[in-house]
Amino acid sequence: MNASKVIRDVKKNANGWFWISLMGAAVILLPIFSILASLFKPTNENWAHIQEFLLKDYALQTVWLLLGTGIATLIVGTGLAWLVSAYDFIGKRFFRFAFILPLAIPPYIAAYTYSTMFDYTGVVQKTLRDWFGYTLPPDLIDIRSLPGAILIFTLFLFPYVYMITRSFLERQSGAYIENARLLGRSPAAIFFRVVLPMARPAIIGGVSLVLFEAVSDYGVTSYFGVHTITTAIFQTWFGLYDADSAVRLAAFLMAGIVGAFLIERLLRARRRYSASTSKSRPLVQKRLRGLGHAAALLICGLVVAVSFLIPVLQLIAWAWLTYQDVLTAQFIELTFNTLRVALLATAIILVISTTAANVNRVQRNRFTMILTKLLTAGYSIPGAILAIGVLTLFLWLDQQVIAQFGTGQLVLSMTLIMLIVAYVVRFMATGFQAIEAGFEKIGHHYMEASRMLGHGLTKTFFKVDLPLIKGALLTGTVLTFVEIVKELPLALLLRPFNFETLATKTYQYANDEMIQEAAVPALFIIAVSLLAVAVIHRVGERTER
Amino acid sequence: MNLVQVAHLTFGYHRARHTLDDVSFTVDQNEIVGILGPSGSGKSTLLRLLAGLETPTGGTITIAGRTVVDDSTFIQPEHRGVGMVFQDYALFPHLTVAQNVQFGLHALSKPARQARMKEVLALVHLEGFESRYPHELSGGQQQRVALARALAPRPAILLMDEPFSNLDADLRAAIRSELRDILKAADITCLFVTHDQQDVDAICDRSITLK
């Protein structure tokens with residue numbers, strides 16, 4: 001390639017759309033780099049202490065947590081997906097939808113709810129004592145533990161595995177499973193020898209989503225006293241006041257995540273699991289009878305009860321006791337604050353991700369592909385790590401401002417701008433993926449036709465693309481907005497002084513042992529999240545058709 | 001006069017396997033030229049290069065005396081004055097027939113736009129369909145709307161990518177002769193991609209075969 005060609009291609013591609021995407025990518029990359037840069041700084045005396053006494057234990061607990069959660073969500077998620085896609089039974093349509101409801105309950109809220117319910121004064125032990133005169137031996141049920149955390153994550157994150165596996169089974173597997181049936185294999189053999197291996201990429205996708213959520217969680221693990229790397233980051237920061245070591249821990253965790261990503265890519269290599277033909281028949285379902293039918297109903301009912309109905313009913317009962325004290329003018333203000341900040345961050349995310357998705361669609365070269373991959377990198381970074389990255393970046397920026405203008409005070413750090421930037425980095429992927437799916441669905445030809453008729457990129461976007469991706473835009477808005485509303489660690493670390501969101505207020509109440517008060521903001525969050533669940537369900541049904 | 005000049009045009013992602021390798025030809029004013037070739041021979045790519053929807057790895061294209069692409073020039077598709085009928089027609093589903101046809105007439109005044117829209121719809125025998133939406137039309141009608149839309153801004157050259165591939169066999173024969181009449185009536189230069197020799201025989205003045 002000679003110089004004049006390079007200049008020609010740069011001129012051809014460098015338009016406003018391109019520069020906006022580049023700026024978006026820079027905003028996202030800077031905090032990530034600021035973390036990785038810390039790896040090259042010299043260590044301080046705390047680090048040796050952390051390494052010797054904390055690191056091994058924390059790393060080990062993290063591994064156990066991920067292993068337990070991974071295996072349990074795998075079993076529950078794929079099992080239920082298989083049940084609703086291969087069999088027919090009473091209420092199946094309801095359960096098919098109800099299994100995604102747990103996504104509306106953030107695990108940290110579930111953790112407070114369940115641990116309080118199982119406390120000495122909680123509804124479980126109280127009922128046993130008052131009605132049956134039976135006192136549980138203390139410590140028999142200790143939900144505030146590693147197994148407890150695994151249980152909570154499993155109950156409220158399994159829908160990720162369930163949804164992806166179900167959609168795979170319902171769309172792709174019909175012919176293979178029927179063949180296996182005709183070859184005389186038993187249902188169990190079919191499940192283990194045909195379904196599981198074929199659904200492997202779908203299952204891995206779902207499980208890795210679950211693991212991301214679990215490793216970046218702070219609410220559940222800190223409440224249950226489980227020591228993960230994420231809680232260690234919080235502890236070194238707020239316990240030891242050692243930001244450098246916290247950042248270093250964050251960098252190690254991030255390196256581990258990047259490593260896991262690469263290994264997964266390598267393992268998958270060139271293998272393909274999806275059928276080569278796009279036309280595939282849905283699976284013919286088997287009607288369940290007798291004992292099997294009863295067992296299926298029992299299992300489904302139990303899952304919906306523990307992963308949605310019981311905690312929600314308990315929260316409603318608590319909220320009923322406290323709503324008069326909690327719903328003050330101040331609370332309404334904080335609700336509006338949350339919604340305002342979430343809306344603003346969502347708007348920024350959608351503008352950047354629409355721009356970048358459009359650039360990638362029009363130019364489709366290696367550079368824009370890397371650009372969009374980087375743009376969505378924020379989602380794989382646990383909130384706590386990202387918070388530290390954003391904070392170090394803003395402190396550095398402030399230092400530059402002070403050096404330049406000598407104002408002597410922090411202008412940017414600990415402002416709402418910082419929190420919004422963090423949200424944008426973390427949830428860009430949610431918006432981007434929705435928009436990209438929308439663009440993919442309409443294809444290139446409308447855009448190309450418009451350009452052949454003499455309209456530039458921008459005019460084409462507003463006259464042709466925008467009306468056609470309205471649905472995807474709405475989906476992206478709702479999903480991103482809800483993610484931000486329920487986000488905890490970022491808000492906890494980066495909110496300005498005296499600024500509360502619904503999530504931090506819930507956390508604060510719960511940590512002050514005011515669980516019944518926490519129920520009110522928690523129910524707000526669940527109500528907003530149900531909106532996202534409805535959208536996810538609707539989008540899923542549409543692509544299934 | 002040569003309206004279109006293509007010289008040493010090369011296109012391909014891998015150096016070893018070029019989709020197009022050193023293609024050169026010219027097209028005269030008001031000629032209808034068919035581009036023949038087996039699938040994978042780069043017929044559609046050639047049209048997309050002329051349209052500016054792809055960038056060649058080498059070679060030059062000149063349209064109406066203006067170099068639209070060479071090693072140091074790239075004119076964006078919207079400034080090339082080229083019209084194109086897509087294989088799937090790409091009629092905007094959210095716009096009516098009238099709005100689709102007027103889409104490329106933004107440089108004209110409103111009455112002039114209306115007049116030109118009526119004119120090209122008459123040319124393709126679709127008077128009275130102005131307020132329909134694309135999904136309310138048959139395949140053959142959709143194709144004629146796409147043709148009208150591409151002709152409306154009076155492009156220097158019209159490109160058609162497999163215009164019959166979405167039509168039934170009997171419809172195909174009927175539309176072939178009609179298309180030639182429309183193109184001749186519109187007084188337009190046309191480059192026409194197909195894999196069917198019969199299309200070329202019925203419509204084109206001559207043909208180019210890609211290997």
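Chain naming here is simple, since letters A, B, ... match the order of the sequence lines and numbering starts at 1 in each.
- A distance-only check finds no donor-acceptor pair linking the side chain of A/His445 to the backbone of B/Leu91 [under 3.5 Å].
- Heavy-atom distances place both the backbone and the side chain of B/Pro77 under 4.5 Å from chain A.
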Assess the residue pair B/Phe103 and A/His455 against the criterion (ring pair (Phe, Tyr, Trp, His ring centres under 6.0 Å)); give the C-alpha distance rounded to whole Å, side-chain angles, the decisive distance to 0.1 Å, and a yes or no. CA-CA 9 Å; B/Phe103 194 86; A/His455 292 285; 4.4 Å; yes
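- Looking at A/Leu468, the atoms closer than 4.5 Å to chain B (heavy atoms on both sides) all sit in the side chain, from C-beta outward.
- Between chain A and the residues B/Ala51, B/Pro93, B/Pro153, the most heavy-atom pairs under 4.5 angstrom are made by B/Pro93.
- Counting only distance, with no hydrogens or angles, the side chain of A/Arg8 and the backbone of B/Asp70 share a donor-acceptor pair below 3.5 Å.
- The NE2 atom of A/His444 lies 9.5 Å from the CG atom of B/Leu53; values are rounded to the nearest 0.5 Å.
- Only the backbone of A/Leu457 comes within less than 4.5 Å of a heavy atom in chain B; its side chain stays farther off.
- Of the atoms belonging to A/Ser450, heavy atoms from both backbone and side chain fall under 4.5 Å from chain B.
- When heavy atoms are compared at a cutoff of 4.5 Å, B/Ile75 does not approach chain A at all.
- For chain A, the option among B/Gly104, B/Gly52, B/Gly58 with the highest count of heavy-atom pairs below 4.5 Å is B/Gly104.
- With rounding to the nearest 0.5 Å, the separation of CD in B/Gln102 from CG in A/Leu453 is 12.0 Å.
- The environment of NZ in A/Lys11 is sparse: at most 12 heavy-atom neighbours from other residues, nucleotides or ligands sit within 6.0 Å.
- Within residues 352-363 of chain A, no residue has a heavy atom under 4.5 Å from a heavy atom of chain B.
- The distance from atom CD of B/Glu78 to atom CE of A/Met452, rounded to the nearest 0.5 Å, is 9.5 Å.
- A distance of 11.5 Å separates CG of B/Asp71 from CD1 of A/Ile7, quoted to the nearest 0.5 Å.
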Might you work through the side-chain contact (heavy atoms from CB on, under 4.5 Å) test for B/His106 and A/Lys459, ending with a clear yes or no? CA-CA 11 Å; B/His106 45 291; A/Lys459 220 167 164 200; 4.2 Å; yes
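- Interface remark: B/Val69 contributes side-chain atoms only to the contact with chain A (heavy atom separation under 4.5 Å).
- Taken to the nearest 0.5 Å, the NZ atom of A/Lys12 stands 4.5 Å off from the CZ atom of B/Phe74.
- Shown here for B/Phe92 and A/Tyr446, the closest heavy-atom pair between the two residues is CE2-O, 3.2 Å.
- With a 4.5 angstrom heavy-atom cutoff, B/Arg48 touches chain A only via side-chain atoms.
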